[in-house]
Enquirer: 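This structure is in structure tokens; I'll ask about it shortly.
Model, not experiment: these values are computed from the prediction.
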Protein chains: 2
Amino acid sequence: MVHFPSFALGDRPATGSFEMEEMAQTKPRRADNGRKASSWTQDPEGVRRDILAVARAEFVENGLSGARVDEIAAKTSTSKRMIYYYFGDKEGLYRAVLEEMYARIRNFERSLDLAALPPREAIATLAGFTFDYHADNPDFVRLVMVENIHHARHLEDSAKIGELNLSAIDMIREVYERGLREGLFREGLDPIDIHLTISALSFYNVSNRATIRQVFGHDMGAPDARERRRASTIDTVLRMLSR
Amino acid sequence: MVHFPSFALGDRPATGSFEMEEMAQTKPRRADNGRKASSWTQDPEGVRRDILAVARAEFVENGLSGARVDEIAAKTSTSKRMIYYYFGDKEGLYRAVLEEMYARIRNFERSLDLAALPPREAIATLAGFTFDYHADNPDFVRLVMVENIHHARHLEDSAKIGELNLSAIDMIREVYERGLREGLFREGLDPIDIHLTISALSFYNVSNRATIRQVFGHDMGAPDARERRRASTIDTVLRMLSR
DNA sequence: TGTTAATTGTACTAACTAGTTCAATTGGTC
DNA sequence: GACCAATTGAACTAGTTAGTACAATTAACA
């Protein structure tokens, strides 16, 4: 469970991502001396990251149609002009946010080394980490929801994303077959089915947190509820695989 | 400016059984004879249902912010004027759609009689029906996604929805305790946890169908994939409960 | 037969919104 | 020092969008 502290970047609800790709950027990039900017640092990457971070928050909060370019611009330390300069249009910005988000998942998956663990521990670790990743990154979950509402057509456009998650499936397959050879797991399971089960159990608590709270009065974000659900998820996945 | 007729906010009858409830209403309600309507049938319930059906499709397809009132009006057999006459504003319309959707779920849950079945069969039946309900009603799933994007604040406003799903929990509790007494299930499980597991496994395939297809090339809507996933879901839930 | 709810239809408005134009200045690099 | 990319900023536009005003006619019910 790897939550990094959020360093009080001021505006963002922290989503402690396991990588630290984005902490450098939200510093004030120019001396805001009002009328005529007499001096500023040239930092295209910084500007891009700044815009992307703000845009992500807005898209995650309001969806693609609900997000407002002017609002994003206002929350940025740069201007609307630069958004169009770098990202072309609103959809281009959204796509960039989406791609960045998926790039992180890839990093997450790569960071797991299950080959070193015995099969049952490997699966438990995978399930636990997946659960934590979702719980720690509601932004990711909500963005995937938004993209599904739009029938994943931006993911389709983006294309470059393809085979990313196939690595996840391959990892599961490797562990599963190892477990089979050692007589620990039962036969006839599909790695994709295992993956879907882990994902579903990790995703739902986060994606449907609001309606669950409304209907059952349970806040799945609360530490104890989350911890219990985490244990249940790992247990359920292990039982699914056991003989 | 609230010109609601008295029944606009209240006691809507739940529009029939949860299966194909809505085919009767989309008949042409008036003879569209052009210039001046010389004759039309007075049918407020029909008009309401017509608007609701169209609105649901639009909200489900485009979300709350993405849906357009003019578009809804155009697809209706009545006019924008009537939408505001009956539902006040866009949010009121959305809320009505949401309430109708939840009323159906209640009917669905009521239609299940698990008490007559032995515990394991009861759970399998519940899981199977829940899975089927989600798979057969992607509109429901998508609307719940939309509502979660909006932090369920319309569900909150609506209020009347409350204890609805508590009946579902009670049903599970009854079966679970019966299974405990008969020595079939293991101890220490929380009925809500069981419910969440069933829901998650039923919801995810539908809610994330687009991204799953995009990333894995698998269409969970295809009959064979769906059937395999259904079996897996039931199996997983039973294993979760078994000693 | 009179009252009220249901219905029709169009044009309008005020606010909003994605995207552009114009007109510059500054920073880094060779 | 020349050149290009980075940056600034504000006003503008063309289209959209939720919601309203106006002005009527018809159905149902008692």
Side-chain angles (χ1 to χ4, degrees), chain A residues 25 28-51 54-55 58-59 62-97, chain B residues 1-10 25 28-52 54-55 58-59 62-96:
Chain A
Q25 88 290 24
R29 288 182 10 277
R30 70 197 150 98
D32 203 331
N33 56 355
R35 202 52 274 181
K36 212 74 181 187
S38 63
S39 165
W40 42 268
T41 330
Q42 196 161 322
D43 179 17
E45 262 323 294
V47 172
R48 276 187 63 95
R49 271 202 304 259
D50 180 20
I51 295 173
V54 173
E58 286 295 306
F59 286 131
N62 308 107
L64 172 53
S65 340
R68 300 293 163 229
V69 176
D70 285 293
E71 189 65 21
I72 294 172
K75 290 180 175 164
T76 300
S77 60
T78 180
S79 68
K80 182 157 78 154
R81 189 66 195 76
M82 291 308 279
I83 293 177
Y84 286 97
Y85 181 64
Y86 278 118
F87 300 99
D89 59 8
K90 190 185 181 185
E91 288 224 339
L93 179 57
Y94 174 79
R95 220 178 302 121
V97 168
Chain B
M1 193 135 337
V2 196
H3 23 226
F4 288 104
S6 55
F7 54 83
L9 296 174
Q25 91 288 26
R29 286 183 11 277
R30 70 197 150 98
D32 202 333
N33 55 355
R35 200 51 276 182
K36 213 75 178 188
S38 63
S39 165
W40 41 269
T41 329
Q42 198 161 322
D43 179 18
E45 261 325 292
V47 172
R48 278 187 60 95
R49 271 201 304 258
D50 179 21
I51 295 173
L52 277 179
V54 173
E58 287 294 307
F59 286 130
N62 308 315
L64 172 53
S65 340
R68 300 293 164 229
V69 175
D70 285 293
E71 188 65 19
I72 294 172
K75 290 179 176 165
T76 301
S77 59
T78 181
S79 67
K80 181 157 77 154
R81 191 67 195 75
M82 291 307 281
I83 293 177
Y84 286 97
Y85 180 63
Y86 277 119
F87 300 99
D89 59 9
K90 191 186 181 184
E91 289 222 340
L93 179 57
Y94 173 79
R95 220 178 301 122

Enquirer: Please identify each residue that fulfils ring pair (Phe, Tyr, Trp, His ring centres under 6.0 Å) with A/Phe59, with sequence neighbours left out.
Expert: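 By the ring pair (Phe, Tyr, Trp, His ring centres under 6.0 Å) rule, A/Phe59 matches A/Tyr94.
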
Enquirer: When you check the phosphate oxygens OP1 and OP2 of C/dA6, does a side-chain N or O of B/Tyr85 lie under 4.0 Å from one of them?
Expert: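 Answer is yes, contact under 4.0 Å.
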
Enquirer: If the condition is salt bridge (Lys or Arg N to Asp or Glu O under 4.0 Å), which residues does A/Glu91 pass it with, not counting sequence neighbours?
Expert: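 Listed in chain order: nothing, the list is empty.
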
Enquirer: Collect all protein-nucleotide pairs involving nucleotides 14-18 of chain D in which both atoms are nitrogen or oxygen and the distance is under 3.5 Å.
Expert:
from	atom 1	to	atom 2	distance (Å)
D/dT17	OP1	B/Arg68	NE	2.7
D/dA18	OP1	B/Ala67	O	3.3
D/dA18	OP1	B/Arg68	NH1	3.4
D/dA18	OP1	B/Lys90	NZ	3.2
D/dA18	OP2	B/Val69	N	3.1

Enquirer: Could I get the full list of salt bridge (Lys or Arg N to Asp or Glu O under 4.0 Å) partners for A/Lys80, not counting sequence neighbours?
Expert: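 For A/Lys80 the salt bridge (Lys or Arg N to Asp or Glu O under 4.0 Å) partners, ignoring immediate neighbours, are A/Asp70.
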
Enquirer: Would you indicate, yes or no, if C/dT8 has its OP1 or OP2 atom less than 4.0 angstrom from a side-chain nitrogen or oxygen of B/Thr78?
Expert: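 Checking B/Thr78 against C/dT8: at least one side-chain N or O falls below 4.0 Å of OP1 or OP2.
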
Enquirer: In whole Å, what is the span from the CD1 atom of B/Ile83 to the P atom of C/dA6?
Expert: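 My rounded result for the distance is 17 Å.
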
Enquirer: Under 4.0 Å, counting only non-hydrogen atoms across every strand here, what does A/Phe87 touch: a base, just sugar-phosphate, or nothing?
Expert: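 If one applies the 4.0 Å heavy-atom cut-off, A/Phe87 turns out to touch nothing in the nucleic acid.
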
Enquirer: Can you give me the closest heavy-atom contact between B/Thr78 and B/Asp50, atom names plus distance?
Expert: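 Where B/Thr78 meets B/Asp50 most closely, the heavy atoms are N-OD2, 4.2 Å.
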
Enquirer: Would you please name every residue forming a side-chain hydrogen bond (donor to acceptor under 3.5 Å, both in side chains) with B/Asn62, sequence neighbours left out?
Expert: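 By the side-chain hydrogen bond (donor to acceptor under 3.5 Å, both in side chains) rule, B/Asn62 matches B/Glu58.
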
Enquirer: Distance from A/Ser77 atom OG to A/Met82 atom CE, nearest 0.5 Å?
Expert: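 One finds 10.5 Å between OG of A/Ser77 and CE of A/Met82.
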
Enquirer: Please report, rounded to the nearest Å, how far the P atom of C/dT17 is from the CD1 atom of A/Ile72.
Expert: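 Value for this atom pair: 12 Å.
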
Enquirer: Using the C1' atoms of five pairs at each end, what's the angle between the two axes of the helix from C/dT1-D/dA30 to C/dC30-D/dG1, to 10 degrees?
Expert: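 Between the first-five-pair axis and the last-five-pair axis there is 30°.
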
Enquirer: Test side-chain contact (heavy atoms from CB on, under 4.5 Å) on A/Leu93 and A/Ile72 and set out the steps.
Expert: CA-CA 11 Å; A/Leu93 179 57; A/Ile72 294 172; 4.1 Å; yes

Enquirer: Name the residue closer to the 5' end of DNA chain C, choosing between B/Met82 and A/Arg81 according to the nucleotide with the nearest heavy atom.
Expert: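 Comparing both residues, the 5'-ward one is B/Met82.
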
Enquirer: With a 4.5 Å cut-off on side-chain heavy atoms, are A/Phe87 and A/Arg48 touching?
Expert: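 A side-chain contact under 4.5 Å exists here.
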
Enquirer: Any side-chain N or O of B/Tyr86 less than 4.0 Å from the OP1 or OP2 oxygen of C/dT7?
Expert: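 Indeed, a polar side-chain atom of B/Tyr86 lies that close.
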
